[in-house]
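Residue numbers run from 1 in the order of the sequence given.
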Amino acid sequence: MSTPLRAVSDGPLSIRVFLPPELPGLRVVRYRTDERLWRSVKERFSVTMTYSGRSEWWCRGEVRVSTPGTLDLKQLGDVHRDLRREGPSRFQVISFDEALVTEAREALGYPASSHLRRVQLERGQPTAAPFVRLHALLGEGRVEPSNTLELQTALTEALCALASCFGDSDEPERRSRLPVRRALEALHEALEQGISLDALARQAELDKFHLCRAFREEVGMPPYAYLTHLRIARAMGLLTQGLTPSEVALRVGLYDQSQLNRHFKRIIGLTPGQFARAVQPRSGDDPGALHASSCSRHTSSSRSGGPVRGWSA
């Protein structure tokens, strides 16, 4: 049985990570933050519940608003960029390994080519009920569920609800976005070895000039920035598993640890070593619970035009 998380914070920002041992492939991240802005590339499917605060954010070419009770759905590869935050915020992110989503999607007959069409729900909607239940079991004072079967059932129902949000886009829209989709797939495959722009354009079946313009318009950043964010997102997962920064640098296609340090600090606000120490279980802790202390003294707010930090949850 899992034990409750202990709060670890220093100032307005607190990040806590929880890996329920009863639910392999699932990760819970709880945030308490101020009005700083976040940017990330999603390496997992996720459902975020907002408990307090209001935010405006960009994803897939649209600006959306999250308020208390809003559920936001993201799929692997999505870029999230905060535009504005109002007041202190609390939100919880439940993310799923791709294998969990693939299993549910295949069992329910949704083709691999489909993608999330519904990306935002209100907690009162019927479709939102399984997500609300899973969030309640795993967060905000309910970290110890009654039994494993309850947790596993809640996860399965949430995955069914997530699969029901998949669908194919209209054919003209799908064709127009296909080159960017090919480029995204190529960047994921090239995470370790890298790729040139010419090679990326060949795989996208579009000249590099049109590709760069279309990629930025749809994804929100150029291909090289997307690949860097993707590498840092992967590095975070490997550091959580206990690999050293030097091992991680090579596993994610970076030249050495110093290059990893530079990109990690710029994007996350911590060095890889600081992050690794924050999320490793301490003596006496539940091995399923990882504690990330506040990085407020390392992260500057973007309200005045400073750098935007982000953690790809």
Side-chain angles (χ1 to χ4, degrees), residues 17-31 40-51 55 57-62 64-80 91-140 142-143 145 148-170 173-174 177 181 184-185 188 230 233 237 311-313:
V17 184
F18 185 44
L19 308 177
E22 304 91 343
L23 303 176
L26 182 143
R27 182 171 70 198
V28 184
V29 186
R30 300 177 195 165
Y31 293 83
S40 61
V41 171
K42 303 302 177 184
E43 201 191 3
R44 294 166 140 224
F45 293 87
S46 65
V47 180
T48 300
M49 168 74 84
T50 297
Y51 295 102
S55 65
W57 48 278
W58 181 98
C59 185
R60 300 193 207 171
E62 294 186 32
R64 300 183 182 275
V65 176
S66 296
T67 57
T70 300
L71 286 155
D72 298 312
L73 282 58
K74 303 286 195 324
Q75 70 180 43
L76 185 151
D78 276 351
V79 173
H80 172 103
F91 52 96
Q92 177 170 277
V93 182
I94 298 178
S95 58
F96 314 93
D97 281 355
E98 185 178 10
L100 293 177
V101 179
T102 298
E103 180 184 17
R105 188 161 57 179
E106 290 179 349
L108 296 172
Y110 292 93
S113 61
S114 61
H115 63 279
L116 282 175
R117 297 295 304 277
R118 303 189 67 179
V119 298
Q120 196 166 54
L121 302 167
E122 295 299 326
R123 64 178 303 153
Q125 295 178 248
T127 305
F131 302 128
V132 173
R133 189 177 307 118
L134 186 61
H135 271 282
L137 286 172
L138 293 171
E140 302 303 315
R142 292 287 313 276
V143 293
T148 299
L149 179 60
E150 182 181 10
L151 260 183
Q152 293 172 340
T153 301
L155 171 60
T156 299
E157 290 176 342
L159 289 169
C160 288
L162 185 64
S164 73
C165 294
F166 281 89
D168 290 316
S169 60
D170 295 335
E173 179 186 15
R174 189 190 69 81
R177 295 185 173 186
R181 299 301 178 193
L184 289 169
E185 292 174 2
H188 278 262
L230 188 62
W311 180 353
S312 179

### Query
Which value, rounded to the nearest 0.5 Å, describes the distance between Thr102 atom OG1 and Tyr110 atom OH?
14.5 Å

#### Entry: Note, His80 side chain near Lys74 side chain (heavy atom, < 4.5 Å)
yes

### Task
Side-chain contact test, heavy atoms from C-beta onward, threshold under 4.5 Å: evaluate it for Gln75 versus Arg60 and give yes or no.
yes

### Task
Enter the distance from Leu71:CG to Thr50:OG1 here, rounded to the nearest 0.5 Å.
8.0 Å

#### Entry: 4.5 Å side-chain heavy-atom contact, Met49 and Val132
yes

### Message
Go through it in stages, so that I can follow the logic: the residues are Leu134 and Ile94, the test is side chain to side chain contact (heavy atoms under 4.5 Å, CB included), and I'd like the CA-CA distance, side-chain angles, deciding distance and then a yes or no.
### Response
CA-CA 9 Å; Leu134 186 61; Ile94 298 178; 3.9 Å; yes

## Note on the structure
Rounding to 0.5 Å, atoms CZ (Arg27) and CZ (Phe18) come to a distance of 13.5 Å

### Query
So do the side chains of His188 and Leu76 get within less than 4.5 Å of each other, counting heavy atoms only?
yes

### Message
Could you tell me if Arg105 sits above the aromatic ring of Phe166, with its cationic atom closer than 6.0 Å to the ring centre and no more than 45 degrees from the axis?
### Response
yes

## Note on the structure
Note: Cys160 and Leu108 closest approach over all heavy atoms is CA-CD1, 3.9 Å

### Side-chain (Ser164) to main-chain (Ala161) donor-acceptor, under 3.5 angstrom
yes

### Heavy-atom closest contact (Leu100 atom, Pro24 atom, distance)
CD1-O, 3.9 Å

### Message
Looking at every heavy atom in both Arg44 and Leu26, which two are closest together, and how far apart are they?
### Response
NH1-C, 4.2 Å

### Query
Is there side-chain contact between Ser55 and Val65, with heavy atoms separated by less than 4.5 Å?
no

### Query
Can you tell if the side chain of Val28 reaches within under 4.5 Å of the side chain of Val17, non-hydrogen atoms only?
no

### Query
Is the closest side-chain heavy-atom distance between Leu155 and Gln152 below 4.5 Å?
no

### Query
Does the side chain of Gln92 come within less than 4.5 Å of Tyr51's, by heavy atoms?
yes

#### Entry: Proximity of Phe96 and Phe45 rings by center, below 6.0 Å
no

### Task
Tell me, yes or no, whether the heavy-atom count around Arg64 atom CZ, taken from other residues, nucleotides or ligands under 6.0 Å, exceeds 12.
yes

### Query
With Thr70, which residues qualify under side chain to side chain contact (heavy atoms under 4.5 Å, CB included), at least two apart?
Ser66, Thr67, Asp72, Gln120, Glu122

### Query
With Glu157, which residues qualify under salt bridge (Lys or Arg N to Asp or Glu O under 4.0 Å), at least two apart?
Arg133

### Task
Apply side chain to side chain contact (heavy atoms under 4.5 Å, CB included) to Cys165 and list each qualifying residue two or more places apart in sequence or on a separate chain.
Leu73, Leu116, Arg118, Thr127

